[in-house]
Structure formats: structure tokens, C-alpha cells
There are 2 protein chains.
Amino acid sequence: MGAAHPLRQQPQALKALMGIRDLVLGGAVTPGARLSEVAIAERLGISRTPIRAALARLEQEGLVEILPSGGYAVRRFSRSEVSDAIELRGVLEGTAARLAAERGAPPDRLAALKAIVEELDGAVADWPEALDFDRYVELNAAFHDTLAGLSGSETIRREVERVKNLPFASPSAFLDKQADVPAFRRSLVTGQAQHRAIVEAIEMREGTRAEALAREHARLARANLEYVMEEDRSLLARVPALALVNE
Amino acid sequence: MGAAHPLRQQPQALKALMGIRDLVLGGAVTPGARLSEVAIAERLGISRTPIRAALARLEQEGLVEILPSGGYAVRRFSRSEVSDAIELRGVLEGTAARLAAERGAPPDRLAALKAIVEELDGAVADWPEALDFDRYVELNAAFHDTLAGLSGSETIRREVERVKNLPFASPSAFLDKQADVPAFRRSLVTGQAQHRAIVEAIEMREGTRAEALAREHARLARANLEYVMEEDRSLLARVPALALVNE
DNA sequence: ACATAACAAAATGTATACATCGTCGATAGC
DNA sequence: GCTATCGACGATGTATACATTTTGTTATGT
């Protein structure tokens with residue numbers, strides 16, 4: 001599945017990375033607040049060294065920012081930045097889809113992608129009401145991971161995976177049991193139709209169509225974001241990925 | 001111009017980053033070879049700590065890779081990876097151009113971009129033979145930096161700048177006095193025409209056209225890459241950015 | 001009461017010491 | 001002569017100690 005990065009993380013380094021991620025996304029530290037290295041080190045029970053490494057990495061990923069005077073702080077995202085990050089994911093996934101179509105995807109991987117779509121179809125269609133969120137999220141993530149690697153270009157795959165590290169830009173950002181509203185549920189049906197169309201376009205070597213579809217697919221997440229901001233701001237607290245959005 | 005990153009680098013950290021970059025790009029260590037932390041530390045006269053930080057960052061940038069057993073090595077790039085990185089730059093710059101056109105670029109920044117194009121015109125047209133490479137490189141870099149920030153999306157700007165950190169993906173990769181061949185020189189004329197067209201498209205709010213043009217503009221670099229690989233491999237050694245390409 | 005300057009506390013940046021793991025080589029056995 | 005295992009060397013991963021900068025507070029002067 002997603003061998004994500006060539007990460008051969010050492011135990012402490014891994015603890016630091018996951019720990020800080022949880023701290024930030026769990027709302028333990030408010031956006032904009034300083035991330036004190038000693039405080040984190042004590043809280044996680046490890047030394048400052050892996051903490052610093054993790055912070056530097058998270059800065060590269062865009063989750064934390066460097067303070068002008070040194071040190072790091074939890075990054076705050078404006079609504080437009082979230083929107084742009086989603087658009088960016090669409091652009092990159094679109095490129096992955098286009099290249100896969102133009103260059104021809106490896107038959108086995110394309111078959112795997114089609115199998116995932118079939119399973120997704122089952123998950124969505126069988127019991128539209130009693131949908132298994134966990135299962136859908138898992139399959140959806142698998143679809144996007146497979147798509148990212150379908151072009152055979154490691155360069156593209158890396159960048160797609162990179163942008164997905166931003167929590168709200170992930171394809172599963174708005175898929176959460178805590179945020180189970182009809183509007184989101186409807187988007188799953190549309191999304192699944194787009195999944196099918198993307199695979200079809202790649203199979204037919206229709207690069208431009210595949211790219212446009214993947215972009216539009218990402219914009220489904222943007223629509224969900226707008227729904228949260230305009231229609232039901234109470235979801236802001238219930239969608240974990242949106243904890244960092246201020247404005 | 002390009003305040004690149006919110007990097008408030010400490011002296012040792014900066015020395016480490018620049019030093020290792022020079023080591024890798026200068027060919028002091030062969031691609032694939034291990035980058036021993038102690039060796040680098042002794043060579044640069046600083047401790048291992050900033051070295052490690054710089055290596056971790058360069059791994060994120062894609063210049064070095066993590067060895068399965070730990071530590072880092074100089075990354076080797078296949079021809080297709082170089083080609084894909086250039087394509088990726090085109091995709092991202094294309095997105096920057098499209099968004100600038102769709103959303104409307106700030107008048108002052110657009111004016112600045114037009115001024116750069118004017119200056120570039122002078123540099124190219126006045127003395128086609130006695131072209132000042134340094135000046136052209138500087139203006140060309142300014143054009144691409146300005147374009148990256150023209151959409152107003154910091155997210156997009158960041159990503160464009162990121163991919164440009166890969167030496168061979170930079171817009172100036174094939175602009176070098178050491179590699180002054182007629183084929184490259186001709187590409188400058190075509191490139192300058194594309195610069196003009198990109199600005200025009202953004203000004204006319206023609207987003208799709210702007211995106212397509214920016215992509216095609218990047219493919220000029222891809223053509224130069226193919227020229228090196230197919231027509232004149234002696235350039236492989238003369239174009240500094242291509243030192244990491246094996247195959 | 002307010003502003004300013006000096007001082008103290010704390011945080012980061014850097015260096016070094018220690019622990020752990022991988023790799024290379026030598027030696028012993030077959 | 002070849003292979004396998006044991007051991008030493010070296011490298012990275014981690015922790016800690018030190019130095020420098022930043023920040024917050026307090027006291028003093030106007």
C-alpha cells in the first residue's frame with residue numbers, strides 16, 4: 001500500500017514525529033502558539049534531539065512554521081490556504097493521472113486500482129445508509145495512493161504524497177464519523193462516480209480527461225470545506241483536520 | 001525578490017547547508033556514495049549537529065537519500081527522473097500562472113513582471129551574439145520567482161520554489177557560460193517569446209492559455225536535456241546541474 | 001503613571017559524550 | 001580453498017552539557 005516515504009525511522013524519531021503531530025492536530029497547543037522543545041521533550045519522555053529533527057521535518061511539511069526569533073510555532077491556516085492546498089492536491093493527482101494515461105499504466109497496478117473501485121462501489125451502493133466509514137476511508141486512501149504511483153514517476157508520487165501530509169488536504173480529510181452529515185455523504189456518491197471515470201480515462205489513454213477529472217475530484221473536498229465554513233460552522237470543531245484553520 | 005523561505009538560518013546551520021550542497025553539486029562526492037557525518041563535520045569545521053539537520057533537510061528536498069541501514073547518500077537521478085522533475089516544475093508554474101490569470105494578479109506585481117520581460121527583451125535582442133549570460137540568468141530567475149508569487153497563493157509559491165531547489169529542475173539549469181552552445185542559445189529566443197506570451201495571457205485573464213504556455217516553457221528545458229543526452233554528451237560534465245545524472 | 005533600561009529566566013543553537021547498530025575483516029572449521 | 005562465525009571498528013541515533021540569543025520582568029528615573 002503506501003510505503004509512504006523511505007522512512008526507516010528510529011523509535012525515538014518516530015515517537016517525536018507522531019507525538020508532535022498528535023499534539024498539534026489534537027488541539028493540545030493552540031495555533032500560533034510556540035512549540036517549546038523542552039516542554040515537548042518532557043511530555044513525550046524523550047530528549048530534545050529527536051524533537052528538533054521532527055520539528056524541522058514538520059516545518060518542511062508545512063504543519064509548523066519557523067518563528068523569526070528562532071524556534072517553531074503551530075502554523076495557522078487561513079481558509080484560502082486550505083482551499084489552495086486542496087487545489088494543489090488536485091493539480092498533482094491530475095498530473096499523476098494524466099501521465100499514467102499518456103504513458104500507459106502498468107497492467108497489474110491498473111487492475112489493482114480497478115479492484116479498489118469495485119470494492120468502493122460495494123461499500124457505497126449496498127447500504128447507502130449503513131455505510132462503513134472506516135472501510136470507505138481505507139479504500140479511498142488506497143485509491144489515491146495507487147493513483148499517485150500509477151504513472152511510474154517516483155518524482156510525481158513523492159510530491160503527491162507530500163501534499164497529502166497536510167491534514168486538511170488529504171483525500172480523507174472530510175471523511176470522519178464525527179462529521180457525518182448528509183452533505184458529506186452525498187459527496188461520496190459523486191466522488192465514487194469520479195473514481196470510476198478517472199480509471200476509465202486512464203485506461204482509454206485520455207490524458208487530458210483524466211487530469212481534469214482528478215482536479216474536479218479534489219474540488220469535492222473544496223466544496224465540503226465551503227459547506228463547513230458557510231453552512232455549518234459547528235463542523236469546524238468536529239472535523240479534526242480543520243483544527244488549524246482560524247478565520 | 002525571492003525571500004525564498006522564512007529561513008532565519010543560524011551561521012553554522014547555513015554553513016552546513018551550503019557546504020553540503022557544494023560538496024554534492026561540485027562533484028566532491030560521487031553519486032550513490034555515503035555522506036559520512038563525521039567526515040563532513042571535519043571538512044566544514046563544524047559539529048555533527050548542524051550537519052545532521054542539513055542532511056535531513058536535503059533529504060526532504062530530494063538531493064540526498066536515506067540509506068536503508070541509516071545515514072545518507074548522494075542521490076542519483078535517472079534521466080527520466082530529471083525529465084519528470086522538469087515536467088513537474090512546468091505543472092506547478094503553470095498552476096501559478098493559471099491562478100494568477102483566473103484570480104487577477106496584483107497590478108504592481110504584474111507590472112514588475114512586465115518590466116522584467118522588457119529587460120529580458122533588451123538582453124536577448126540587442127546583441128544576440130554578445131549576450132550577457134549572467135544578466136540573462138539573473139533576469140530569468142527573477143521572472144520565474146515573480147511568476148511563482150503572482151497568484152497570491154503562498155501555498156503554490158512554496159511548492160514552486162521547492163521543486164526549483166532540485167538543481168536540474170531550476171529554470172536556469174541549462175543557462176551556463178560553460179555550456180554555451182548554439183542549441184541552448186536558440187532556446188533563449190523561444191523562451192523569451194514564451195515569457196511574453198505568459199504575461200499577456202495572465203493580463204488577458206486567459207487561465208488555460210497561461211497554464212499551457214508555462215508548461216511548454218518548462219519543456220524547453222526538457223528539450224535541452226534531450227539535446228545533452230542525445231547530441232552532445234560532453235555537455236554532461238559541463239552543465240553543473242547534471243552532475244548527479246547517471247545513466 | 002509611563003517609559004526605559006538593566007537584569008534574570010528561559011529558550012534555542014551548537015558541541016560533545018554515550019549507546020546502539022551495521023559492516024567489514026580475520027580466523028577457525030570443514 | 002571456501003565458507004561461516006565471531007569480533008572489532010566505525011557509523012549513526014540519542015542524550016546531555018554548554019553558549020548565545022531572546023524575552024519577560026522589575027526597578028528606576030522622569
Side-chain angles (χ1 to χ4, degrees), chain A residues 4-24 28-76, chain B residues 4-24 28-76:
Chain A
H5 272 271
L7 273 192
R8 203 200 63 86
Q9 289 286 14
Q10 260 54 35
Q12 304 297 64
L14 195 67
K15 263 176 73 173
L17 201 61
M18 312 255 292
I20 300 176
R21 270 219 184 89
D22 288 349
L23 249 56
V24 172
V29 282
T30 54
R34 176 185 216 97
L35 284 164
S36 166
E37 296 175 4
V38 286
I40 299 173
E42 287 174 7
R43 182 152 183 173
L44 298 182
I46 54 186
S47 83
R48 273 180 60 208
T49 309
I51 302 288
R52 280 185 69 78
L55 284 171
R57 181 182 171 125
L58 291 172
E59 192 274 333
Q60 287 276 314
E61 289 184 3
L63 204 66
V64 306
E65 61 187 359
I66 297 184
L67 293 172
S69 56
Y72 299 88
V74 180
R75 189 162 161 209
R76 285 176 313 185
Chain B
H5 274 271
L7 274 192
R8 203 201 62 86
Q9 288 284 12
Q10 260 53 35
Q12 304 297 62
L14 195 66
K15 263 177 74 173
L17 201 61
M18 312 255 292
I20 299 177
R21 270 218 182 88
D22 288 349
L23 248 55
V24 171
V29 282
T30 54
R34 178 185 214 98
L35 284 165
S36 165
E37 296 176 3
V38 285
I40 299 174
E42 288 175 6
R43 182 154 181 173
L44 298 181
I46 55 187
S47 83
R48 273 180 59 208
T49 308
I51 302 288
R52 280 185 70 78
L55 283 171
R57 179 183 172 127
L58 290 173
E59 192 273 334
Q60 287 276 314
E61 289 184 2
L63 204 65
V64 307
E65 61 186 1
I66 297 184
L67 293 173
S69 56
Y72 299 88
V74 180
R75 188 162 162 210
R76 284 176 315 183

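Quick note on labels: first sequence line is chain A, next is B, and so on, each numbered from 1.
- Each of B:R48 and A:G71 has a nearest nucleotide on DNA chain C; the 5'-most of these lies closest to A:G71.
- Look at B:R52 and you'll find a side-chain N or O under 4.0 angstrom from OP1 or OP2 of D:dG13.
- Applying the 4.0 Å criterion to OP1 and OP2 of C:dG22, one finds that B:S69 has every side-chain N and O outside that range.
- Distance OH/A:Y72 to CD1/A:I66: 5.0 Å, rounded to 0.5 Å.
- When rounded to the nearest whole Å, the span between CG of A:L55 and C1' of C:dT12 equals 11 Å.
- The side chain of B:T49 contributes no N or O atom lying less than 4.0 Å from OP1 or OP2 of C:dG13.
- Computed from coordinates, the B:I51 CD1 to D:dT14 P distance equals 18 Å when rounded to whole Å.
- Between A:Q12 and D:dA15 there is a side-chain polar atom (N or O) within less than 4.0 angstrom of OP1 or OP2.
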Can you give the donor-acceptor pairs under 3.5 Å from side chains of residues 39-49 of chain B to other protein atoms, not counting sequence neighbours?
unit_1: B:S47; atom_1: OG; unit_2: B:T49; atom_2: N; d: 3.3
unit_1: B:R48; atom_1: NE; unit_2: B:E37; atom_2: OE1; d: 3.0
unit_1: B:R48; atom_1: NH2; unit_2: B:E37; atom_2: OE1; d: 3.0

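- Applying the side-chain contact (heavy atoms from CB on, under 4.5 Å) test to B:A33 and every residue at least two apart in sequence or in another chain returns B:T30.
- Between B:I46 atom CD1 and D:dA19 atom P the separation is 19 Å, expressed in whole Å.
- Rounded to the nearest 0.5 Å, atoms CD1 (A:I20) and CZ (A:R57) are 11.5 Å apart.
- The CG-P distance, from B:L67 to D:dT12, rounds to 9 Å in whole Å.
- Listed by chain and number, the residues in a side-chain contact (heavy atoms from CB on, under 4.5 Å) with A:R76 are A:P31, A:N246 (sequence neighbours excluded).
- For the pair A:Q10 CD and D:dA11 C1', the computed distance is 12 Å after rounding to whole Å.
- Taking the side-chain hydrogen bond (donor to acceptor under 3.5 Å, both in side chains) definition, one finds that B:Q12 meets it with nothing, sequence neighbours left out.
- For the segment residues 28-44 of chain B, no residue has any heavy atom less than 4.0 angstrom from an atom of DNA chain C.
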